[in-house]
Amino acid sequence: MSGPAPQDRHDHSQWAESSHCRVAGVRHFGAFAALELIAPKVAAKASPGQFVMVAVPGGGHLLRRPLSLFTVRADRIGLLVEARGAGSERLARLEVGESVTVAGPLGSAFPTAGVTNALLVGGGIGCAPLQCVADELTAAGAHVTAAFGFRDFRAARVAGAFSIERLWVATEDGSVGRAGTVLHILATLDVPPGTTVYACGPTPMIAAVQHWTLAEGLAGYASLEAHMACGTGSCHGCVVDTARGKLRVCSEGPVFALDEVRP
Amino acid sequence: VSAAAAAPLDLSVRLGPIRLEHPLLDASGTFDLLEYARRYDGDYFADFPYAAYVPKTVTVDARTGNPPPRVTETPAGMINAIGLENPGIDAWIAGLPGWARLRQPVIVSVGGNEPAQYAAAVAVLEAHLAVADPGTVPPIEGYELNVSCPNVSSGLQIGADPGATAAVVAACRGLTRRFVLAKLTPNVADITAAARAAVEAGADGLSLVNTFKAMVLDRETLRPFLGNRTGGLCGPAIKPIALRMVAEVAQALPGVPIVGMGGVMTGLDALEFIACGATAVAVGAANFTAFEAPQRIVGELRDELSARDLASPEAARGLALKA
């Protein structure tokens with residue numbers, strides 16, 4: 001096994017107080033929107049892998065939506081939204097100049113210390129936090145390769161939001177990049193021993209990546225998705241099975257050691 | 001300007017023997033003190049916003065809870081089926097030193113599937129409190145018996161059966177001299193029957209309402225969305241029903257302290273529960289909407305009283321019950 005051991009993870013700063021953040025930029029990629037928010041207090045504490053809770057403007061939605069940090073640059077945070085339901089559709093329609101209420105950063109972070117070779121594996125909207133970890137690893141001089149999987153060409157449009165030098169894309173319908181899933185990309189890559197894997201995506205993808213890393217003798221981290229209510233550890237709505245028992249994605253996660261998750 | 005406007009506004013209330021700085025507490029399972037404290041820049045214990053702390057329900061044995069998904073949003077509310085996930089009373093007691101410096105009174109929410117399970121949890125905690133160094137435990141001043149668990153013998157919620165509710169209260173009453181609340185389920189035809197049964201069995205007060213049993217479908221598969229199929233509905237959608245039930249119980253059992261709850265999002269919502277006869281008001285789903293929700297609601301309640309020249313929550317209590 002290689003890469004930082006789970007016990008080396010330190011407790012990253014979390015901050016749950018609300019900030020009113022102005023939307024400074026919006027780019028659309030099909031059903032996805034890449035939002036740039038002016039959020040100095042969140043950005044000052046944020047680490048890759050953490051998330052924020054975003055209130056849906058307009059008052060029709062009780063619960064905030066958990067969104068991974070897509071980018072953190074100076075006093076700004078980037079978020080990637082996929083319009084899937086009424087709440088996320090509203091967030092994806094945000095315009096420059098509007099404000100949203102954001103709480104964060106929340107949750108555990110991807111450890112990056114000491115990593116020289118990294119493989120980022122993402123599926124769908126799960127690719128979002130991998131830009132943030134790519135930025136941090138690249139700045140630290142690590143060699144970063146990414147493999148992203150999407151359902152079809154519509155979903156794959158969001159790949160255009162990413163800025164990662166070695167980025168491979170697969171689509172299940174074969175319309176963009178390699179035909180198949182990210183596993184088909186992984187099978188073609190020459191992955192150096194000691195590479196640290198960072199995975200985020202739907203549960204079946206996490207299970208497949210976990211299986212692949214075990215076979216390859218690699219270690220790494222998985223960021224998990226879950227339905228959340230509070231996002232701050234109170235409600236126990238987002239628990240997942242792990243080697244350490246049931247843990248909250250919002251509080252003990254979203255980042256777990258890849259070998260401890262039970263997808 | 002009336003004479004009352006000049007009087008200083010006093011938000012404090014008495015919930016039985018428990019003095020509260022103001023009427024607001026957290027609804028069990030919606031607010032985890034230690035999780036708030038570790039996401040706060042200051043000292044959350046110094047700035048604790050509620051007048052009392054009701055932790056997540058504890059049962060005598062550890063429970064892993066229901067399969068996911070456990071939560072989702074609904075129109076004007078949300079549904080949950082957590083399944084009383086908790087570490088069990090022994091592990092829960094072992095964690096008490098971690099928040100022993102809380103100044104506010106604690107009301108311990110206890111659950112179970114039969115009276116003996118409730119009684120066992122209360123007995124274990126009472127035995128610990130009898131010998132514990134006061135510096136190692138928070139100020140536990142009461143219990144809230146959560147009778148919304150399924151009854152192991154009938155499969156129905158204990159709270160749906162006045163006799164079973166009374167049996168739970170009776171099993172615990174003799175084990176503690178602390179204040180005992182029974183938390184009633186609204187999933188009944190007549191909530192006053194369960195309320196009366198709980199009080200006759202020795203409950204000092206009543207909390208109402210718990211969540212409404214409900215179902216949400218996955219819109220693609222048309223199958224139940226929650227892993228548990230059904231769950232409990234809460235949030236603003238239930239507030240009018242909760243107000244009606246609080247008013248009914250307050251009229252049926254005058255003098256019995258009530259902790260009202262159900263969709264309280266604002267200070268005005270809290271004042272409405274007080275007007276329906278509640279002495280204290282619990283905030284639930286609003287805790288999920290913003291970290292600062294408790295402080296905001298307390299401030300709004302003060303403003304709402306002041307705007308009506310009401311000198312205290314007591315002055316507003318029961319206003320909706322008058323003919």
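Order of the sequence lines sets the chain letters (A, B, ...), proteins ahead of strands, with each chain counted from 1. No hydrogens, no waters, no symmetry mates; every other heavy atom, side chains included, goes into these values.
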Gap separating the [atom1] atom of [X] from the [atom2] atom of [Y], nearest 0.5 angstrom:
| X | Y | atom1 | atom2 | answer |
| --- | --- | --- | --- | --- |
| A:Cys230 | B:Asn287 | SG | CG | 9.0 Å |
| A:Leu106 | B:Phe291 | CG | CZ | 9.5 Å |
| B:Thr289 | A:Leu63 | OG1 | CG | 9.0 Å |

Report task. Decide if atom CZ of A:Arg262 counts as having more than 12 heavy atoms of other residues, nucleotides or ligands within a radius under 6.0 Å. Result ->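 It does: A:Arg262 CZ has more than 12 such atoms within range.
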
Query raised in the report: Does CZ belonging to A:Arg76 count more than 12 external heavy atoms closer than 6.0 Å?
Result: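 Yes, the 6.0 Å shell around CZ holds more than 12 heavy atoms from other groups.
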
Query raised in the report: Are there residues of residues 49-72 of chain B that reach to under 4.5 Å of chain A by heavy atoms, and which ones?
Result: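 At a heavy-atom separation under 4.5 Å, chain A is reached by B:Lys56, B:Thr64, B:Asn66, B:Pro68, B:Pro69, B:Arg70, B:Val71, B:Thr72.
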
Query raised in the report: Looking at B:Gly77, B:Ala285, B:Gly235, which has the largest count of heavy-atom pairs under 4.5 Å with chain A?
Result: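 Among the listed options, the one with the most contacts to chain A is B:Gly77.
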
Query - A:Ser251 versus B:Glu35, closest heavy-atom pair with distance - result: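 So the two residues come closest at OG-OE1, 2.8 Å.
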
Query - Closest approach of B:Asp32 to A:Ser234 (non-hydrogen atoms, all atoms of both residues) - result: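 Heavy-atom minimum between the residues: N-OG, 2.7 Å.
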
Return the option, out of [options], with the maximum number of heavy-atom pairs under 4.5 Å with chain B.
| options | result |
| --- | --- |
| A:Gly85, A:Ala86, A:Cys238, A:Ala16 | A:Ala16 |
| A:Gly245, A:Gly60, A:Cys235 | A:Cys235 |
| A:Lys246, A:His227, A:Glu17, A:Met53 | A:Glu17 |

**Report entry** Cationic N near anionic O, under 4.0 Å, A:Arg248 to B:Glu85
**Finding:**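 Not counted as a salt bridge, because no side-chain N and carboxylate O are separated by less than 4.0 Å.
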
Report task. Give a yes-or-no answer on whether the side chains of A:Ser13 and B:Arg38 include a donor-acceptor pair shorter than 3.5 Å. Result ->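 There is no such pair between these side chains.
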
Requested in this report: Report the C-alpha distance between A:Arg65 and B:Glu73 in whole Å, list the side-chain angles of each, state the deciding distance to 0.1 Å, and finish with yes or no for side-chain contact (heavy atoms from CB on, under 4.5 Å).
Outcome: CA-CA 10 Å; A:Arg65 302 305 196 254; B:Glu73 188 176 84; 2.9 Å; yes

Heavy-atom cut-off 4.5 Å, strictly under: side chain, backbone, both or neither for [X] against chain B?
| X | answer |
| --- | --- |
| A:Lys41 | neither |
| A:Ala229 | both |
| A:Met228 | backbone |

Requested in this report: Would you check if A:Lys45 and B:Asp41 make a side-chain contact, meaning some heavy-atom pair closer than 4.5 Å?
Outcome: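 Yes, their side chains come closer than 4.5 Å.
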
**Report entry** 4.5 Å side-chain heavy-atom contact, B:Asn86 and A:His236
**Finding:**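 With C-beta onward as the side chain, the pair stays apart.
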
Query raised in the report: Is it true that a side-chain atom of B:Arg39 and a backbone atom of A:Thr232 form a donor plus acceptor pair closer than 3.5 Å?
Result: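 Checking the backbone N and O of A:Thr232 against the side chain of B:Arg39, a donor-acceptor pair under 3.5 Å is found.
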
